[in-house]
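Working notes for the structure below.
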Amino acid sequence: MSADLHIHSTASDGTLTPAQIVRQANETGLSAISLTDHDTVDGVQPAIQAALKTDLEVIPGIELNTDLGDVEIHILGYYLEIRSKQLQNVLNELRHAREDRAQTMIKKLSAMGIFLSFDRLQEIAGFGTIGRPHIAQAMMEAGYVSSIREAFDNYLRFGKPAYVPRHKLDPFRAIEIVQNAAGIPVLAHPGLMNKDELIPEFVEKGILGIEVYYPQHTPDMIEKYCLVCEKYGLIKTGGTDCHGPGMDYPPLGTVTVTDETVAHLKRVHRRLQQNHQKKQES
Ligand code: AMP
Ligand code: FE
Ligand code: FE
Ligand code: ZN
């Protein structure tokens, strides 16, 4: 049995609802999944609910996109306490920053003769946080572009005319946010960031795992990151980064880790939970 620990739902920019993901995961025969939506944990409870009558384990998760200088670094958090007030406050701020940014992007697009309404964007995003993929979808549906990719390539990507940088956390703050919610901070897909020299500092700041198994990681990268994990005693996580049908990411369950890895995460989680409780009591 195996687990896919990197999945996006409609709570952020995925196209499947948490319940649909749970159903697919069960059909695929996975033993565990983690919902790792961008900047939100709103999909976690619905997924847990949908999995109640099944054997599937749903691990609470999140993916925080951060910037360090001009390098984009993604921090995953596993088994975080989703009801933490402090976590909710930070995530609310990020949600509002995303909404403001979407408004700015709408203005930029309108100057180019592309007219989108914020209400429609919110409808497309559903209960989720607004991201560029939703803007791309609104553009496609209004006939301005014929694909999500075209929207990104011509308008929304970094360097393109409608691009607006998003207020981002720095990775150390992201690690702290996960830690404060008693979660396990993990460095996401380091092969994409191409800055391995930063790994020792991340470890020092509290990273407990590296996402070793990832669709774009070559066998050489996997071997390299396995060695890094062994050197620092880190957990080797992995997953598809599945965003559902219609998005350029591989399907659910095509990159997985073993149940042993999930058990490892769970052991670390229990330890963190105990420390967290002690801290709150003292
Ligand atoms: P945002 O968080 O609003 O900046 O949007 C980032 C999301 O857009 C990523 O998580 C991807 O899902 C998606 N994305 C980023 N670049 C591209 C691209 N070139 N083509 C399609 N989707 C992309
Ligand atoms: Fe995404
Ligand atoms: Fe990522
Ligand atoms: Zn992701």
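Order of appearance sets the numbers: ligands from 1, and atoms from 1 within every ligand. These numbers come from a predicted model, not from an experiment.
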Side-chain donor-acceptor pair present, [X], [Y], cut-off under 3.5 Å:
X: Asp170; Y: Thr66; value: no
X: Ser9; Y: Asp37; value: yes
X: Asp259; Y: Ser31; value: yes
X: His134; Y: Asp13; value: no
X: Gln274; Y: His276; value: no
X: Glu63; Y: His6; value: yes

Starting from atom 7 (C) of ligand 1, what is the nearest protein heavy atom, named by residue and atom, and what distance separates them? Asp13 OD2, 3.4 Å
At what distance is the nearest protein heavy atom to atom 2 (O) of ligand 1, and which residue and atom is it? Arg98 NH2, 3.0 Å
Passing candidate, side-chain hydrogen bond (donor to acceptor under 3.5 Å, both in side chains) with Asp39, options Arg166, Lys168, Arg95: Arg166
What orientation do His38 and His243 show, parallel under 30°, tilted 30 to 60°, or perpendicular over 60°? tilted
Numbered atoms of ligand 1 (with element) below 4.0 Å of [X], judged on heavy atoms:
X: Pro133; answer: 5 (O), 7 (C), 8 (O), 13 (C)
X: Tyr249; answer: 11 (C), 12 (O)
X: Phe152; answer: 8 (O), 13 (C), 14 (N), 15 (C), 16 (N), 17 (C), 18 (C), 19 (N), 20 (N), 21 (C), 22 (N), 23 (C)
X: His38; answer: 10 (O)
X: Gly131; answer: 3 (O)
X: Arg166; answer: 2 (O), 4 (O)

Just do the salt bridge (charged side-chain N to carboxylate O under 4.0 Å, His left out) check on Lys224 and Asp220 with the steps written out, would you? CA-CA 6 Å; Lys224 177 175 71 181; Asp220 282 354; over 6 Å; no
Compute the minimum heavy-atom distance from [X] to ligand 1 and say whether it is under 4.0 Å.
X: Asp248; answer: no
X: Arg101; answer: yes
X: Arg149; answer: no

Taking both backbone and side-chain atoms into account, decide whether His8 has an N/O/S atom under 2.8 Å from the Zn ion (ligand 4).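 So His8 does bind the Zn ion (ligand 4) by this criterion.
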Checking only N/O/S atoms, does His8 have one that is under 2.8 Å from the Fe ion (ligand 2)?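 It does not: His8 brings no N, O or S atom closer than 2.8 Å to the Fe ion (ligand 2).
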Are any N, O or S atoms from Glu63 nearer to the Fe ion (ligand 2) than 2.8 Å? no
Examine [X] against ligand 1 and note whether any of their N/O atoms are separated by less than 3.5 Å.
X: His243; answer: yes
X: Arg157; answer: no
X: Arg132; answer: yes

For the Zn ion (ligand 4), find the closest N/O/S atom on [X] and give its atom name.
X: His6; answer: NE2
X: Glu63; answer: OE1
X: Asp241; answer: OD1

For the atom pair CG (Leu156) and OH (Tyr163), what is the distance rounded to the nearest 0.5 Å?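 Those atoms lie 10.5 Å apart.
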Once you round to the nearest 0.5 Å, how far does CZ of Phe202 lie from CD1 of Ile210? 10.0 Å
Can you tell me which N/O/S atom of [X] has the shortest distance to the Fe ion (ligand 2)?
X: Asp13; value: OD2
X: His243; value: NE2
X: His38; value: NE2

Under 6.0 Å between the ring centres of His217 and Tyr225? yes
Is it the case that more than 12 heavy atoms not belonging to Glu223 sit under 6.0 Å from its CD atom? no
Between Arg83 and Glu81, does at least one N-O distance fall below 4.0 Å, as a salt bridge requires?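 Looking at Arg83 and Glu81, the cut-off is met.
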